[in-house]
Amino acid sequence: VAQPDLEIIGLLQARLAAMSPAPAGGIAWENRAFTPLTTAPWVRVSHAFVDAEPMTWLSNGTPQIRETGLLLLDCFAPENAGPEVGAGWPRRCGSGSTPGLVLAGATVSVRIDRATRAQGRVGAGTPDDPVGYFSPVTVSWRTYYDAG
Amino acid sequence: VITVDLLSRPGGGAAGWALQIQQRCDLSKGKMRDAIRAFATGLTNTWIGLTPVETTWMKGHYYAVLDSSIPPEEPRPQDKREARAGGGGDKSRARLAPVIAQFDLGHTITFWNSAPYAVSVEYGTASMSPRAWTRKTVALAPSLLAQAVSGRPVTAAAD
């Protein structure tokens, strides 16, 4: 059985895409062309698969793999737009990722463990670190699937 | 407290029970001490191992301190050659090992990386994706702790 990474990514991204209204500056999906704006909030999405370990317990007679990962949501806002704008999307991403939430797919279900928001940062204004304010939100998830 | 209380009380049964508990506690303490040190070593080895490889200087600048949340001043590189030298993961591991060896129950150990750009590498910038190696390490902590407590060798990510 192939690792269901694409299904996991699809479930997480569908949850994010369903948030309404969408950020005015758009969502930068992983490996998709995107031109960031400095005048409107936008969100960057990254996926990190952390660990996949075999479990010794059997749920249905089939060995299981327990996979964990992180959904990294970087919420950008125009510089000097105020705390309400800066905190808006981090708050939405956090409240949309309630611990215990289960995203059910065709072959896997992804359970959200926690969502944490780091301190906001202001870009230094260099080519590597353009101006703007952003808050990273980290969503931890786990899933189980047949080892095959 | 339990030992003093029971030693002052007549009755071998109670004293025997106290001794048994004390022995079990001592044994448990020793194992716990080994486990938390193995966990700390596994955690930092993973953190170092997951450090983005193109940042050798960052990989060589991990530090640890006991019972303090304020990192002491670190000598800055004297010149570009010293700054480039970095030292890699081995240098960091050699620096952390003696601090972890003193880590004991009831104490706090703090690890940090002194690279000024470490936060930007971890969280990214508007033009650079996050590398999230610290968050990945934290996410692996429960698994590393389970290995340490079970007495199994704590396996870290490849350096």
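Values below: every heavy atom of this structure, side chains too, minus hydrogens, waters and symmetry copies. Naming: A, B, ... by sequence-line order, numbering from 1 per chain.
Put simply, B/Ile109 and B/Met32 are part of the same group of oily side chains (I, L, V, M, F, W, Y) that touch within less than 4.5 Å, one to the next. Linking ILVMFWY side-chain heavy atoms closer than 4.5 Å, directly or via other members, places B/Tyr123 and B/Phe111 in two distinct hydrophobic clusters. Hydrophobic clustering of Ile, Leu, Val, Met, Phe, Trp and Tyr side chains at less than 4.5 Å, counting indirect connections, unites B/Trp47 with B/Trp57. Under the 4.5 Å side-chain heavy-atom criterion for ILVMFWY residues, no single connected hydrophobic cluster contains both A/Leu73 and B/Val119. Linking Ile, Leu, Val, Met, Phe, Trp and Tyr residues whenever their side-chain heavy atoms come within less than 4.5 Å places A/Phe49 and A/Val139 in a single cluster.
Pairs engaging residues 104-114 of chain B under the salt bridge (charged side-chain N to carboxylate O under 4.0 Å, His left out) rule: B/Arg33-B/Asp104 [sequence neighbours left out].
Taking each heavy atom of A/Leu70 and B/Lys136 in turn, the nearest pair found is CD1-N, 4.0 Å.
When the heavy atoms of residues 119-138 of chain A are compared with those of chain B, the residues falling under 4.5 Å are A/Arg121, A/Pro127, A/Asp128, A/Asp129, A/Pro130, A/Phe134, A/Pro136, A/Thr138, listed by number. Interface residues of residues 76-113 of chain A toward chain B, defined by a heavy-atom distance below 4.5 Å and sorted by number: A/Phe76. Using a 4.5 Å heavy-atom cut-off against chain B, the contacting residues of residues 26-45 of chain A are A/Trp42, A/Arg44.
Heavy atoms of B/Ser143 lying under 4.5 Å from chain A belong exclusively to its side chain. Neither the backbone nor the side chain of A/Thr68 comes within less than 4.5 Å of any heavy atom in chain B.
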(request) Go through the steps to decide whether A/Val50 and B/Arg135 satisfy the test side chain to side chain contact (heavy atoms under 4.5 Å, CB included), and finish with yes or no. (result) CA-CA 9 Å; A/Val50 174; B/Arg135 283 174 283 178; over 6 Å; no
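Contact count versus chain A (heavy atoms, under 4.5 Å) is highest, among B/Ala139, B/Ser129, B/Pro130, for B/Pro130.
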